[in-house]
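What you see is a predicted model; the values in this text were computed from it and never measured. Proteins get letters first, then strands, A, B, ... in listed order; numbering begins at 1 in each.
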Amino acid sequence: MILLRRAERSTRYLFLERSSRAQPVSTCSSDSAASEGAASDEVDSFFRQQNSALARLLHLRGLQHGWRLFGELRRRNVVTWNTMLAAHVHHREIVRARELFDGMPRRDVVSWNTMLLGYSLTGQIENARHLFDRMPERDTFSWNIMISGYGRCGWIIDAVHLFEKMPVKNVVSWNAVVTGLLANGEVDWAMEMWSKMPIRDSATLSTVVSGLARNGMLEAAERHLLKADEGDVDAYNTLVAAFGRVGRVDDARRLFEMIPSGCRDGKGSANGFQRNVVSWNSMIMGYVKAGGIRSARRLFDEMPERDRFSWNTMIAGYVQSQELDEAAALLQQMPEPDERTWNLMISGFARSGDVERAQRCFERMPHRSAISWNTIIAGYERVGEYRAAMSLFSRMLASGVAPDGHTLSSALGACAGLASLRQGAQVHQLVTKRVAVDTPINNALVTMYSRCGSLTDARRTFDSMTTRKDVVSWNAIISGYAQHGHAEEALRLFSRMEEEVRPTHITFISVLHACCHGGLVEEGRQCFDSMARDHGIDPRVEHYAALVDLLGRHGRLEEAMGIVGGMPVPPDRTVWGALLGACRVHRNDELARIAMAALAAVDPAGSAPYVLLCNMHAGVGRWAEAAEVREAMEQQGIRKQAGYSWIELQSGLHVFAAGDKSHPLALEILATADSCSRAIRDETHAGDLPCIQPHSS
DNA sequence: ATAGGGTTAG
C-alpha cells in the first residue's frame with residue numbers, strides 16, 4: 001500500500017493521452033512500457049492464463065488470496081491491474097479500488113470504466129461523474145455505466161440527459177435508460193422511450209416485464225410478455241418471481257407452467273425456450289414467500305438440477321418458517337455451503353434467539369464478509385446482548401472488513417442499549433468517516449443519543465438531517481422527548497409529524513408515554529381516542545397498557561379499571577402490571593388484589609405481583625403479611641430477577657442493583673437519591689415513588 | 001478485465 005501511495009503522488013495530476021492502447025501514466029515506469037512493446041504472443045498468452053487464474057482465485061477465495069498472485073503479476077500487464085480492480089469493485093471495496101486505480105502504472109479505458117462502475121455501485125454517483133468528466137477517452141461502456149448508475153441512484157433526469165447526449169447508442173444504452181425510468185416510477189416515460197427503440201434484444205423484454213412488475217403493474221407486465229411471445233425464458237422467470245414476491249403464488253405457477261419443461265422428451269424448443277434452474281428457483285421462492293414450505297420442498301425435490309440458489313432459497317424457506325432443524329439438515333447435505341448459506345443460518349438462529357448457535361455457524365464459515373459480521377452483530381443486538389454485539393464489532397474492525405451502514409446502525413443500537421455515550425460517539429465518528437449517512441443511519445444516531453441521555457445531540461442530529469425524515473426518524477425523536485419527560489415538546493413534534501408522514505402504532509406508544517410521564521392525562525386520553533378514529537390504527541395491547549398506566553398513575557383508577565374491562569383484546573401482564581403499580585402508588589388494596597390475581601393468572605411464573613404486594617404490605621408496616629407473600633413466592637419457586645442500573649462516567653462504568661451497597665460512594669449516592677425522591681414527592685404529591693428505594697432489601 | 005434484464009443473506 002505504501003508503494004501505491006507513492007505512485008499515486010507522482011501520478012495524480014497526469015492525464016492519459018487519448019489513445020486506444022494503454023499508456024504509461026508516469027515517465028519513470030519506462031521499463032514496463034518497453035516490455036509491453038516487446039511482448040511476444042507467447043508472453044501475452046502466458047499473461048492471459050495468469051490473469052484468468054487470478055480472476056478464478058479472486059472469485060473463489062476472495063481478495064486476500066488474490067493479492068499474492070497479483071503481486072507477482074502487477075508490474076507487467078494492464079489487464080492484471082484491471083482484473084484486480086474489478087475484483088475490488090465486485091467486493092464493493094471502493095476505497096481500496098481507488099487506491100489501486102491511483103497507483104496503477106498505466107490505465108486503459110477499461111480501468112476508468114471499472115472505477116466508474118465502482119462508484120456507481122456504491123452509490124457515489126458524484127465521484128463517478130467527476131471521473132467521467134476527466135476521462136482521457138470514453139467508449140460506449142463508459143456512457144452506459146453512467147446512465148445505469150444515474151438510474152440506480154435515482155438521478156433519472158441526469159440519466160436521460162446523458163443518454164440523449166451520448167454520441168453512439170447501442171441496445172444496452174436503450175435498455176439501461178428504460179430500466180432507469182422504470183426503476184424511478186416513470187412508467188409512461190419509459191414506455192414512450194421503449195416504443196422509440198430502434199433495436200431490441202432479449203434483455204429488452206425482461207427489462208420491461210421486470211420494470212412494470214416492480215411498479216405493481218403485473219397485468220401490464222404479463223400482457224407485454226405474452227404479446228411479444230419471444231419465448232424468452234428469462235422474461236418468463238421475471239414474472240414468475242414477480243408474482244411470487246407479492247404472494248400470488250397461483251399466478252406464478254400458471255406462468256411457470258407456460259414454460260415448456262423440456263426435460264422428459266428432450267424436445268424443449270428450437271430457441272431454447274424451456275425451464276431452466278432459475279425458473280425452478282423463482283417458483284420455489286414464490287412458495288417460500290407464501291409460506292408454502294411443503295410445496296417448495298416438493299419442487300426442490302422434483303427439479304432436474306439444483307444450483308446454490310436452489311439450496312439457499314430452500315434453506316431460507318426453512319429459516320423463515322422457523323424450521324431450523326430442517327434448514328440445518330439441508331446445510332449438511334450441501335457439497336460446499338457458500339457464504340450466503342452460512343449467513344442464512346446465522347440470521348435464522350439469531351432471529352430465533354439462539355445466538356450461541358448463530359455464533360457457532362459464524363465461527364465455522366471460511367470467509368466472512370461484511371454481511372456475515374452484520375448478521376451476527378445485529379443478532380446479538382436484537383436479543384439485547386449489547387456487550388457481545390460491541391465486542392464482535394471490535395473484532396470486525398480489527399479483522400479489516402470495512403463496516404458499512406448496516407454495521408454502524410447495529411453498533412449504534414448496541415451503544416443505545418448500553419447507554420454508552422462514549423462508545424456511541426466513537427461510532428458516530430466512524431459514521432462520518434466511513435459511510436454515506438442515509439436516513440436509517442441518522443435514525444440510529446438519534447436513537448443512540450437519546451437513549452444515552454443526550455437529548456440535545458439527538459435533537460441536533462434530527463434537525464440537521466439532510467436526508468428525508470421518515471416515520472422512524474419522527475418516532476425516534478418523539479420517543480426521546482417522551483423518555484426524558486418532555487411531554488409538551490413530544491406533542492409539538494407529533495403535530496409537526498402529522499403534516500409530513502403517517503404516524504404508526506409505535507408513534508402512539510411514544511406519545512402516550514410522553515403524556516404519562518408529563519402528567520398530560522387529558523391529552524393522552526384524547527390521543528388514544530384519535531388513534532382509531534383519525535388514523536385508522538387499532539390500539540394494541542401495548543397502547544392499552546400505556547393508557548392504563550397514564551390513567552392509573554394519575555389516580556384515575558376506576559377509569560383505568562374500566563378500560564381494562566372493556567378491552568377487545570385480552571389484557572396481558574403489562575396491562576395488569578400497570579394497574580397494579582397504580583394501585584400501589586395510590587394505595588387501593590381492593591383493586592390491587594383483583595389486579596394481582598389477574599396478573600398471576602396471565603403470568604404464573606412472574607414475580608411482579610408478589611414483589612408489588614409484598615412492598616405494599618411492607619410500605620404500611622404489615623410485616624407479617626409481607627413475609628407471608630415472600631414465603632408463598634419461595635414455595636412456588638418464583639424468583640425475582642435482580643434489576644440493574646448502570647451509568648457510564650469519565651471514571652468508568654458504575655453498576656447498581658437494588659439494595660446493593662458495594663459501591664465505594666454508596667452512602668452518598670443513596671442519600672442523594674433519597675433527597676431527590678423527597679423533592680419529587682413534595683413537588684408532585686405522588687404518594688411514595690416506586691422508582692427509588694434505597695431502603696429495599 | 002468494464003455496461004442493460006432473472007432467483008437467495010444483513
Tabulate below the donor-acceptor pairs under 3.5 Å that side-chain atoms of residues 330-337 of chain A make, not counting sequence neighbours, or state none.
none

Exercise. Which residue pairs pass the side-chain hydrogen bond (donor to acceptor under 3.5 Å, both in side chains) test with at least one member in residues 150-163 of chain A, sequence neighbours excluded?
Worked result: A:Ser120-A:Arg152, A:Arg129-A:Tyr150

Exercise. A:His224 vs A:Trp194 aromatic rings, parallel, tilted or perpendicular, using cut-offs 30° and 60°?
Worked result: perpendicular

Please give, in whole Å, the distance from [N] [atom2] to [X] [atom1]?
| X | N | atom1 | atom2 | value |
| --- | --- | --- | --- | --- |
| A:His90 | B:dA3 | NE2 | C1' | 15 Å |
| A:Phe163 | B:dA3 | CZ | C1' | 14 Å |
| A:Met104 | B:dT2 | CE | P | 13 Å |
| A:Ile147 | B:dT2 | CD1 | P | 19 Å |
| A:Phe101 | B:dT2 | CZ | P | 16 Å |
| A:Met115 | B:dA1 | CE | C1' | 14 Å |

For this session: Taking all heavy atoms of A:Ala97 and all of A:Val89, pick out the closest pair and write down the distance.
Result: CB-CG2, 4.3 Å

For this session: Evaluate whether atom CD of A:Gln322 has more than 12 neighbouring non-hydrogen atoms of other residues, nucleotides or ligands under 6.0 angstrom away.
Result: no

Problem set entry | Contact state string [nucleotides 5-10 of chain B, B base, S sugar-phosphate only, - no protein heavy atom under 4.0 Å] | BBBBBB

Problem set entry | Distance (rounded to the nearest 0.5 Å) between A:Ile157 CD1 and A:Trp189 CH2 | 4.0 Å

